[in-house]
Amino acid sequence: MERPILCFQQEGSLCAQHCLNNLLQGEYFTPVDLSSIAHQLDEEERMRMAEGGMGSEEYRTFLQVISNALRVWGLELILFNSREYQSLMINPINEKAFICNYKEHWFTIRKLGQQWFNLNSLLTGPELISDTYLALFLAQLQQEGYSIFVIQGNLPECEAEQILGIMRVQQQQRPRLIGEDEAQTSGQMDIVSDETVDEDEELKRALALSRQEMDVEDEEADLRRAIQLSMQGDSFRSFELILIFFFIAISTKVFPLSRIRHE
């Protein structure tokens with residue numbers, strides 16, 4: 001099956017374009033589109049961004065371009081570490097997507113179905129992120145100096161969302177950074193249905209029960225051998241063995257009294 005998750009890889013200095021298209025899961029914006037948006041920014045808007053003290057001129061321009069591009073789809077950017085957002089005390093796993101920026105690089109982290117993915121255009125493919133690791137990953141990015149923005153609004157429908165809404169993926173190997181010396185991998189993922197996951201759990205439970213039954217059988221065999229010994233040689237020593245195995249079996253509940261009575 002063809003991989004449903006789109007993760008456009010880095011070409012030139014078009015990371016803002018890749019960031020937006022990876023977020024929306026489609027080729028929605030071209031360099032010409034973003035250039036047009038940039039030219040539409042009037043001086044008043046640029047001055048307002050500058051008054052906020054938000055980094056370099058290039059950063060402010062890209063941020064405003066991305067923000068305006070997302071407004072076309074009814075989406076808004078909110079700074080992740082702002083007081084306004086932090087006061088809401090929202091668990092990151094309950095969000096839909098994040099856009100991250102450090103210096104000149106922008107990339108997307110998005111939830112598809114019930115799973116999170118790092119859609120960084122510098123990687124050879126999408127990287128699966130567990131719910132447990134998501135908060136740690138965001139904290140790590142902040143420590144490294146990234147600005148993180150929460151995406152609010154309804155993202156457009158996409159094929160990956162529809163497929164992963166009823167299935168899950170398992171990643172056998174994580175993607176590498178583009179250009180690494182070792183053989184590149186796109187981060188192979190296997191799509192599995194919820195039914196398959198349930199079958200795996202059933203198999204684990206069956207194996208556990210099998211091990212328990214084997215333990216019971218081993219205890220019973222030991223007890224029977226002790227009884228046979230009582231019929232041979234030193235009867236006092238054999239009687240001690242019977243008592244030991246009897247009390248072990250009772251204390252561990254692997255040899256019910258009812259079975260002894262019947263036998």
Side-chain angles (χ1 to χ4, degrees), residues 4-85 88 90 92 95-112 116-127 137-138 141-142 144-162 177-178:
I5 304 172
L6 298 180
C7 186
F8 297 98
Q9 295 181 4
Q10 188 77 10
E11 294 180 7
S13 300
L14 303 177
C15 58
Q17 176 197 346
H18 302 320
C19 173
L20 288 168
N21 288 338
N22 286 340
L23 170 69
L24 302 174
Q25 285 292 286
E27 298 186 45
Y28 289 93
F29 292 101
T30 66
V32 175
D33 295 329
L34 298 185
S35 177
S36 176
I37 293 174
H39 285 110
Q40 291 173 6
L41 296 174
D42 58 30
E43 191 62 31
E44 182 180 349
E45 288 177 316
R46 295 192 183 194
M47 288 297 296
R48 187 164 60 251
M49 293 296 295
E51 290 171 1
M54 300 179 67
S56 67
E57 177 67 24
E58 185 177 12
Y59 168 81
R60 293 193 299 270
T61 301
F62 268 108
L63 178 60
Q64 191 66 9
V65 168
I66 289 175
S67 179
N68 284 11
L70 290 177
R71 285 198 187 104
V72 174
W73 295 93
L75 301 171
E76 296 290 336
L77 292 174
I78 295 182
L79 191 61
F80 179 68
N81 64 351
S82 66
R83 290 185 179 180
E84 174 190 359
Y85 180 78
L88 300 176
I90 300 175
E95 296 293 0
K96 299 175 183 176
F98 301 91
I99 281 181
C100 308
N101 165 255
Y102 180 68
K103 294 184 177 180
E104 299 177 357
H105 186 59
W106 300 79
F107 73 93
T108 290
I109 302 172
R110 176 170 172 173
K111 190 176 189 178
L112 292 165
W116 283 92
F117 298 89
N118 176 9
L119 304 178
N120 194 331
S121 59
L122 293 179
L123 296 176
T124 55
E127 179 183 27
F137 185 46
L138 294 175
L141 291 175
Q142 286 185 301
E144 294 175 359
Y146 276 84
S147 298
I148 302 175
F149 299 89
V150 184
I151 304 298
Q152 293 201 328
N154 295 320
L155 291 162
E157 294 185 4
C158 63
E159 181 185 6
E161 180 72 30
Q162 294 172 357
L177 287 171
I178 294 174

Handout entry: Any Leu63 side-chain heavy atom under 4.5 Å of Phe149 side chain
Key = yes

Practice task
Please find out if less than 6.0 Å separates the ring center of Phe107 from that of Tyr146.
Solution key: yes

Practice task
Report yes if the side chains of Leu141 and Ile109 come closer than 4.5 Å at any heavy-atom pair, otherwise no.
Solution key: yes

Handout entry: Phe137 and Trp116 aromatic centres sub-6.0 Å
Key = no

Problem - Flag side-chain contact, heavy atom, 4.5 Å: Ile90 against Glu95 - result: yes

Handout entry: Distance-minimising heavy-atom pair for Pro126 and Phe117
Key = CB-CD2, 4.5 Å

Exercise for the section: Using modelled atom types only, decide if a donor and an acceptor are shared between the side chain of Asn21 and the backbone of Tyr28 within a distance under 3.5 Å. Expected result: yes

Problem - Residue pair Ile66 / Asn101, side-chain heavy-atom distance below 4.5 Å - result: no

Exercise for the section: Please answer whether the main-chain N or O of Leu23 pairs with a side-chain N or O of Arg110 as donor and acceptor at a distance below 3.5 Å. Expected result: yes

Exercise for the section: For residues Ile151 and Leu77, determine if any side-chain heavy atom of one lies less than 4.5 Å from a side-chain heavy atom of the other. Expected result: yes

Handout entry: Taking every non-hydrogen atom, the tightest pair across Ala16 and Leu34
Key = C-CD1, 4.2 Å

Exercise for the section: Would you mind reporting whether Gln25 and Leu6 have side-chain heavy atoms less than 4.5 Å apart? Expected result: yes

Exercise for the section: Measure from the side-chain N and O atoms of Gln17 to the backbone N and O of Phe29, and report whether any donor-acceptor pair falls under 3.5 Å. Expected result: yes

Exercise for the section: Compare all side-chain heavy atoms of Ile5 with those of Leu119 and state whether any distance is below 4.5 angstrom. Expected result: yes

Problem - Thr30 and Asp33 side chains, donor-acceptor separation under 3.5 Å - result: yes

Exercise for the section: Looking only at non-hydrogen atoms, find the nearest pair between Gly153 and Lys96 and report the distance. Expected result: O-NZ, 3.1 Å

Problem - Shortest non-hydrogen separation from Gly125 to Cys7 and the atoms involved - result: C-SG, 4.0 Å

Problem - 4.5 Å side-chain heavy-atom contact, Leu112 and Cys158 - result: yes

Exercise for the section: If the plane angle is over 60° it's perpendicular, under 30° parallel, otherwise tilted; pick one for Phe80 and Phe98. Expected result: perpendicular

Exercise for the section: Check Phe8 against Gly26 and note the closest heavy-atom contact, atom names and distance. Expected result: CE1-O, 4.0 Å

